[in-house]
Q: 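The structure follows.
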Amino acid sequence: MIPSAFEYERATSVDDAIAKLAATGGTGKLIAGGHSLVPLMKLRLNEPTTLIDIARISALVGIRERDGLIEIGAGTVHHDVATSALLGAQCPVVSDTAATIGDPQVRNRGTIGGSLAHADPAADYPAMLLAVDAQIHLQGAGGPRVVAAEDFFQDLFTVDLGPDEIITAVRFAPVRAAAYAKLYQRASRFAIVGVAAALEVTDGAISAARVGLTGALSSAVRLSGVETALVGQPATAATVATAATGAGAALSDVSADLHASEAYRRAMVSVFTKRALEGALARLSA
Amino acid sequence: MAQVTLTVNGKQRTAEVEPRMLLVHFLREQLMLTGTHVGCDTSQCGACTVLVDGRSAKACTLFAVQADGSEVTTIEGLADGDALHPLQDGFWEEHGLQCGYCTPGMIMSAVNLLNDNPAPSEAEIRHGLDGNFCRCTGYQHIVNAVQHAAGTASKE
Ligand SMILES: Cc1cc2nc3c(=O)[nH]c(=O)nc-3n(C[C@H](O)[C@H](O)[C@H](O)COP(=O)(O)OP(=O)(O)OC[C@H]3O[C@@H](n4cnc5c(N)ncnc54)[C@H](O)[C@@H]3O)c2cc1C
Ligand code: FES
Ligand code: FES
């Protein structure tokens with residue numbers, strides 16, 4: 001399958017990428033790993049006139065501590081997130097989530113920025129970024145902008161990102177007691193259902209809970225009903241089992257496709273919410 | 001047209017390509033390195049796997065221009081003269097193939113795996129080959145072949 005013809009340019013910096021993108025007047029596209037965009041271009045579902053390659057902008061690559069937060073550059077590939085010693089020690093849910101994406105070849109090329117911009121309803125990162133309460137850093141001709149993950153994911157393949165804007169990084173405060181649980185679509189390895197849960201516990205009681213869901217709806221969402229049911233309760237297996245029970249039933253507009261019916265997805269939302277919460281609890285004692 | 005310069009199996013190659021030319025077509029049709037296969041053309045099967053700057057990549061999901069300036073290793077670049085690469089030897093010794101269509105990609109993925117993890121467990125081998133499909137072998141002989149190359153084959 002051969003895509004439509006296009007011009008190719010390589011951006012040397014974030015500013016250069018923004019300028020080159022603006023110069024296409026809305027007909028160009030950024031390309032990072034290409035692992036969502038190239039398949040769409042081969043199907044001619046997407047026919048940009050110009051591709052602006054941002055994969056070699058070194059300022060976009062890397063995982064570091066900054067102002068007490070962890071920052072992942074938008075151009076960092078999934079493999080580097082999955083194998084990061086810093087994340088493994090301080091916020092293992094992030095590296096665990098990256099390790100579930102696709103297969104080794106996909107993880108060698110695909111980037112976190114590309115995954116967020118593309119916003120596949122079955123992508124893994126969105127659920128995890130909701131659970132760690134990440135901020136998404138953007139830059140455009142008008143300057144930088146920061147959007148909370150919760151406000152960023154809006155609908156099917158739709159995010160709060162202007163046509164001339166570029167995602168530069170995600171930042172979050174590290175959370176140890178957090179885990180991701182995923183039901184794999186066995187061929188593509190995307191999430192049929194994926195749940196990330198993060199807990200804060202004070203004196204044995206859950207003082208804060210954030211639970212992010214992907215795969216079941218048109219975009220990733222927080223499960224606020226589950227969160228409310230957890231807060232103030234003892235941090236025990238019984239608490240999380242009770243809180244997770246109704247998680248699937250409480251949702252509206254649950255997706256159905258050839259991989260999973262609506263009823264099955266609802267059932268699995270509850271099962272994987274429980275597993276993610278159990279994983280978070282296990283990390284409290286670890 | 002765009003000019004690209006890649007180092008393919010240690011040799012520098014410069015060519016004029018259309019930006020939309022996929023790396024796999026560049027390798028097969030321009031450089032005549034037909035060891036890299038196209039199975040699905042939809043990023044799923046891994047038959048097109050090569051190493052780009054030392055990491056495995058699906059060459060059907062990458063434009064040649066994206067690899068400009070990179071080092072690319074294909075199945076043709078593994079053997080040292082007549083001496084097979086340990087993974088090629090493993091596939092030979094353990095009969096890690098039937099039709100052989102998946103084999104070049106399977107071996108390139110296994111190279112990536114053993115670079116990261118020189119002594120993988122059986123489960124780690126299967127996980128490391130997640131991105132490669134084989135329609136013939138049932139995978140067991142492929143796992144044996146990788147174990148043979150890694151020197152981790154269990155003695156029965
Ligand atoms: C076989 C296969 C299996 C996969 N399995 C999974 C899976 O299990 N889970 C999962 O989550 N994903 C999966 N993916 C998708 C994969 O994670 C992609 O890498 C990711 O969705 C896109 O990242 P990219 O860098 O490849 O982006 P590209 O394909 O390069 O770009 C995607 C979109 O994002 C835009 N973009 C890229 N970078 C930026 C930026 N910094 N700022 C603004 N816009 C930007 C591009 O213009 C484009 O519109 C899979 C993909 C394949 C091919
Ligand atoms: S041909 Fe590239 S993944 Fe199948
Ligand atoms: S040997 Fe035939 S596809 Fe693997």
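Just so we're on the same page: letters track the sequence lines, and every chain starts at 1. Keep in mind it's a predicted model, so treat the numbers as computed, not measured.
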Q: Is the count of non-hydrogen atoms from other residues, nucleotides or ligands lying under 6.0 Å from A/Arg44 atom CZ greater than 12?
A: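 Atom CZ in A/Arg44 is crowded, with more than 12 foreign heavy atoms closer than 6.0 Å.
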Q: Within a radius of less than 6.0 Å around NZ of A/Lys274, do more than 12 heavy atoms belonging to other residues, nucleotides or ligands occur?
A: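 No - once you tally the heavy atoms of other residues, nucleotides and ligands closer than 6.0 Å, there are 12 at most.
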Q: Counting heavy-atom pairs under 4.5 Å with chain A, which one of B/Gln66, B/Met108, B/Gln44 comes out on top?
A: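 It is B/Gln66.
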Q: Most heavy-atom pairs under 4.5 angstrom with chain A, which of B/Val52, B/Asp68, B/Thr42?
A: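 Ranked by heavy-atom pairs under 4.5 Å with chain A, first place is B/Asp68.
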Q: Report, as yes or no, whether the 6.0 Å neighbourhood of atom CD on B/Glu16 holds more than 12 heavy atoms from other residues, nucleotides or ligands.
A: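 Yes, CD of B/Glu16 has more than 12 neighbouring heavy atoms, counting only those of other groups under 6.0 Å.
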Q: So B/Asn144 and B/His148, do their side chains get closer than 4.5 Å, heavy atoms only?
A: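 The answer is no; the side chains never approach within 4.5 Å.
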Q: Heavy-atom count check: over 12 atoms from other residues, nucleotides or ligands less than 6.0 Å from A/Tyr264 OH?
A: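 Result for OH/A/Tyr264: open.
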Q: Is chain A contacted by the side chain of B/Asn112, its backbone, both, or neither, given a heavy-atom distance below 4.5 Å?
A: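 When you check distances to chain A, only side chain atoms of B/Asn112 fall under 4.5 Å.
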Q: Can the positive tip of A/Arg275 be found less than 6.0 Å from the middle of the six-membered ring of A/Phe272, inside 45° of the ring normal?
A: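 Yes; both conditions hold, so A/Arg275 lies above the ring face of A/Phe272.
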Q: Checking B/Ala2 against chain A: side chain, backbone, both or neither under 4.5 Å from a heavy atom?
A: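 No part of B/Ala2 comes within 4.5 Å of chain A.
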Q: Can you find a pair of side-chain heavy atoms, one from B/Leu62 and one from A/Arg109, that are under 4.5 Å apart?
A: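 Yes, close enough: below the 4.5 Å cut-off.
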Q: Any Lys/Arg nitrogen of A/Arg107 or A/Asp80 sitting under 4.0 Å from an Asp/Glu carboxylate oxygen of the other?
A: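 No.
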Q: Salt bridge between A/Arg189 and A/Asp124, side-chain N to carboxylate O under 4.0 Å?
A: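 A/Asp124 and A/Arg189: not salt-bridged.
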Q: Give, for atom CG of B/Leu23 and atom CG of B/Leu27, the distance between the pair rounded to the nearest 0.5 Å.
A: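 Rounded to the nearest 0.5 Å, the CG-CG separation comes to 4.5 Å.
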Q: Counting only non-hydrogen atoms closer than 4.5 Å, can you tell me which residues of residues 124-131 of chain B sit against chain A?
A: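 So far as heavy atoms go, B/His127, B/Gly128, B/Asp130, B/Gly131 are the residues that approach chain A to under 4.5 Å.
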Q: Looking at every heavy atom in both A/Ala123 and A/Pro126, which two are closest together, and how far apart are they?
A: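 Heavy-atom minimum between the residues: O-CD, 3.5 Å.
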Q: Using a heavy-atom cutoff of under 4.5 Å, enumerate the residues of residues 5-21 of chain A that contact chain B, numbered in order, or state 'none'.
A: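 From residues 5-21 of chain A, the residues near chain B are A/Ala5, A/Phe6, A/Tyr8, A/Arg10.
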Q: Relative to chain A, which segment of B/Leu22 carries a heavy atom at a distance below 4.5 Å: side chain, backbone, both, or neither?
A: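 Answer is side chain: those atoms of B/Leu22 sit under 4.5 Å from chain A.
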Q: Any side-chain heavy-atom pair from A/Glu47 and A/Lys29 closer than 4.5 angstrom?
A: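 The answer is no, as the side chains (C-beta and beyond) never meet within the 4.5 Å cut-off.
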Q: Just to be sure I understand the criterion: a residue of residues 70-90 of chain B counts if one of its heavy atoms is under 4.5 Å from a heavy atom of chain A. Which ones qualify?
A: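 The residues closer than 4.5 Å to chain A, in numerical order, are B/Ser70.
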Q: Name the member of A/Leu43, A/Ile2, A/Thr83, A/Asn108 that forms the most heavy-atom pairs with chain B at distances under 4.5 Å.
A: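 Answer, by heavy-atom pair count under 4.5 Å with chain B: A/Asn108.
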Q: Please classify the contact between A/Leu51 and chain B as side chain, backbone, both or neither, with a heavy-atom cut-off of under 4.5 Å.
A: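 The answer is the side chain of A/Leu51.
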Q: Hey, do the aromatic rings of B/His141 and B/Phe91 have their centres closer than 6.0 Å?
A: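 Judged by ring-centre distance (under 6.0 Å), B/His141 and B/Phe91 do not meet the cut-off.
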Q: Are more than 12 heavy atoms from other residues, nucleotides or ligands located less than 6.0 Å from atom CE of B/Met32?
A: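 Not more than 12 within 6.0 Å, no.
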Q: Can you pull the ring-ring contact (aromatic ring centres under 6.0 Å, His included) pairs that have at least one residue in residues 13-50 of chain A, sequence neighbours excluded?
A: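 As it turns out, there is no ring-ring contact (aromatic ring centres under 6.0 Å, His included) pair with a partner in residues 13-50 of chain A once direct neighbours are skipped.
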Q: In terms of heavy-atom proximity below 4.5 Å to chain A, should B/Thr49 be classed as side chain, backbone, both, or neither?
A: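 Contact with chain A involves the side chain of B/Thr49 alone.
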